[in-house]
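Structure first, then comments.
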There are 2 protein chains.
Amino acid sequence: MQKYSKQTRLLLAVDCIIFGFDGETLKILLIKRDFEPEKGNWSLMGGFVQANESVDQAANRVLTQLTNLQGVYLEQLYTFGNTKRDPLERTVSVSYFALIDINKYEAQLSKDYHADWFPLKKVPKLIFDQQDMVEAAKKRIRYKAALHPILFELLPEKFTLPQLQVLYESVFNTSIDKRNFSKRVLATGLLIKLDDKDKTGSKRGAFYYQLNKQNYYTKFQSFINILPNPDTLQV
Amino acid sequence: MQKYSKQTRLLLAVDCIIFGFDGETLKILLIKRDFEPEKGNWSLMGGFVQANESVDQAANRVLTQLTNLQGVYLEQLYTFGNTKRDPLERTVSVSYFALIDINKYEAQLSKDYHADWFPLKKVPKLIFDQQDMVEAAKKRIRYKAALHPILFELLPEKFTLPQLQVLYESVFNTSIDKRNFSKRVLATGLLIKLDDKDKTGSKRGAFYYQLNKQNYYTKFQSFINILPNPDTLQV
DNA sequence: ACAAAAGTGTTTTAGTTACACCCATGG
DNA sequence: CCATGGGTGTAACTAAAACACTTTTGT
């Protein structure tokens, strides 16, 4: 089966940076690595690409293994290819980032995989070059969210404008005027106002909204304008 | 040296989409593949990642092989990992795109490598999934150029505003008001006006400009605003 | 003297920011 | 009845778009 003779064959891995939002801060999901080297240390969920699967399929497999979720937003981030990144054997890793609704994630799974959620500011030391992967993922999510409506992937089907605003404020580490925020968000045409309210956050309650899926898919690739001053954003 | 036993090892390649601008249209550089399969057909410049080099190094090596240029703008684009993309043997390819000053490219090299420049609208049939790579690169260059000043990498050290405008108009397939264009470009603070003129394009001549390297490097990551209506751009 | 491309300024329009009060409700 | 968070409108300002004429010079 080796038709290109004399060429080096090497290990190819995938690693997933899995983001979730708990209503207050953006978090990532890490596991305790269960094999050597670095066994027992915090790590991204990952795995080797198998002979019979594409790289994308490998990333999806690995993500589903840990979360038991299907159809999740998953995007290729960057391929890390330094020769020494895995000290045991040359391994190139294709990193992906995923955005999941943290409520759909079952806590039970954390026990099975010795996994845990970490706020971005409290990420523990990670194995190999995974610190770089997380940094790249943080940059990418901010970059992309400044231009495209990806953050909705982190919220449940029904959400309120205050919830959405907290999410944006947390991702961009800024505070936004709620009047202007609501104007900009509603001007995108991506939201449908529902009749019922979320009463958990206040006595008056805040109206629920849901995504207008049609507009969402057609406008996903175009630039949107939810943030103030996106021009001055350093990304 | 195989420490992770029972895992699949596979071939890893790099492929480069090399862009150049001849003053009229955006072009890419292709070669005639000199080994089987698909020997003699048009192909991107590429090669296998060797045991002792990083993936980035492989991309740089391959680019320098064909162009004899160093220090060129080279950015990782996407990793293509379908199982069947190379019919001979499973090969995952990390694609990169490069922006070069077409004047620095020596025509002699084209003869050595049986290479040629093709306008984006006249790219011939390519091997494997390289058509997808070129499409991804076209999208990426437009996307990135709409937000960041990468197109200067395609121009010589000294260039005129009319030349720059033709470049933008060609990349975005649009026509731009020259008064507004010059206002926006100069407002970026990226350009230094020189004293001499390019007289090849007109009797009066157009002033040369060069990049303010300092501002260029510090502002490279922030969003700039040279295009009209970037919001409505489909990318 | 005229053709051909370079260069420049102003008005109009649209979009963004800043800002403060009333509303609804549970306790 | 009051504390808490939700919801909304307007005026001031800033940025973008539209638009046309003058300059230079080689032939």
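The figures here come from the full heavy-atom set of this structure, side chains too, leaving out hydrogens, waters and symmetry mates. Order of the sequence lines sets the chain letters (A, B, ...), proteins ahead of strands, with each chain counted from 1.
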For the side chain of [X], starting at C-beta, report the closest nucleotide among [options].
{"X": "A:R179", "options": "C:dT17, C:dT8, C:dA20", "answer": "C:dA20"}
{"X": "A:K183", "options": "C:dA20, C:dA18, D:dA17", "answer": "C:dA18"}
{"X": "B:N180", "options": "D:dC19, C:dG7, D:dG26", "answer": "D:dC19"}
{"X": "A:S202", "options": "C:dA20, D:dG5, D:dA20", "answer": "D:dG5"}

Margin query: If you assign each of B:G201 and A:G205 to its closest nucleotide in DNA chain C, which residue comes earlier from the 5' end?
Written below: B:G201

Checklist line | Donor-acceptor pair under 3.5 Å, B:K203 side chain vs C:dA6 base | finding: no

Next item on the list: Report yes or no: is there a donor-acceptor pair, N or O only, under 3.5 Å between the side chain of B:R204 and the base of C:dA6?
Entry: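 Answer yes: a donor N or O sits under 3.5 Å from an acceptor.
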
Could you give the [atom1]-to-[atom2] distance, from [X] to [N], as a whole number of Å?
{"X": "B:L194", "N": "C:dA6", "atom1": "CG", "atom2": "C1'", "result": "16 Å"}
{"X": "A:F181", "N": "D:dG7", "atom1": "CZ", "atom2": "P", "result": "12 Å"}
{"X": "B:D198", "N": "C:dG7", "atom1": "CG", "atom2": "C1'", "result": "15 Å"}
{"X": "B:I176", "N": "D:dA18", "atom1": "CD1", "atom2": "P", "result": "12 Å"}
{"X": "A:N225", "N": "C:dT17", "atom1": "CG", "atom2": "C1'", "result": "12 Å"}
{"X": "B:Y208", "N": "C:dG7", "atom1": "OH", "atom2": "P", "result": "12 Å"}
{"X": "B:L164", "N": "C:dG7", "atom1": "CG", "atom2": "C1'", "result": "15 Å"}
{"X": "A:L186", "N": "D:dG9", "atom1": "CG", "atom2": "C1'", "result": "14 Å"}

Please determine, by modelled atom types, if [X] and [Y] share a side-chain donor-acceptor pair under 3.5 angstrom.
{"X": "B:Q210", "Y": "B:Y208", "answer": "no"}
{"X": "B:D56", "Y": "B:S54", "answer": "no"}
{"X": "B:T160", "Y": "B:D198", "answer": "no"}

Next item on the list: Give a yes/no on whether any side-chain N or O of B:K178 is located under 4.0 angstrom from OP1 or OP2 of C:dA6.
Entry: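 For C:dA6, neither OP1 nor OP2 has a side-chain N or O of B:K178 closer than 4.0 Å.
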
Note to self: So, does A:K199 get its side chain near the phosphate of C:dG26, meaning an N or O under 4.0 Å from OP1 or OP2?
What the structure shows: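 Result: yes.
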
Note to self: Ring-plane angle category for B:F159 and B:F152, please: parallel below 30°, perpendicular beyond 60°, tilted otherwise.
What the structure shows: tilted

Check: How many angstroms lie between CD1 in B:I28 and CG in B:L126, if you round to the nearest 0.5 Å?
Finding: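 The CG atom of B:L126 is 6.5 Å from CD1 of B:I28, to the nearest 0.5 Å.
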
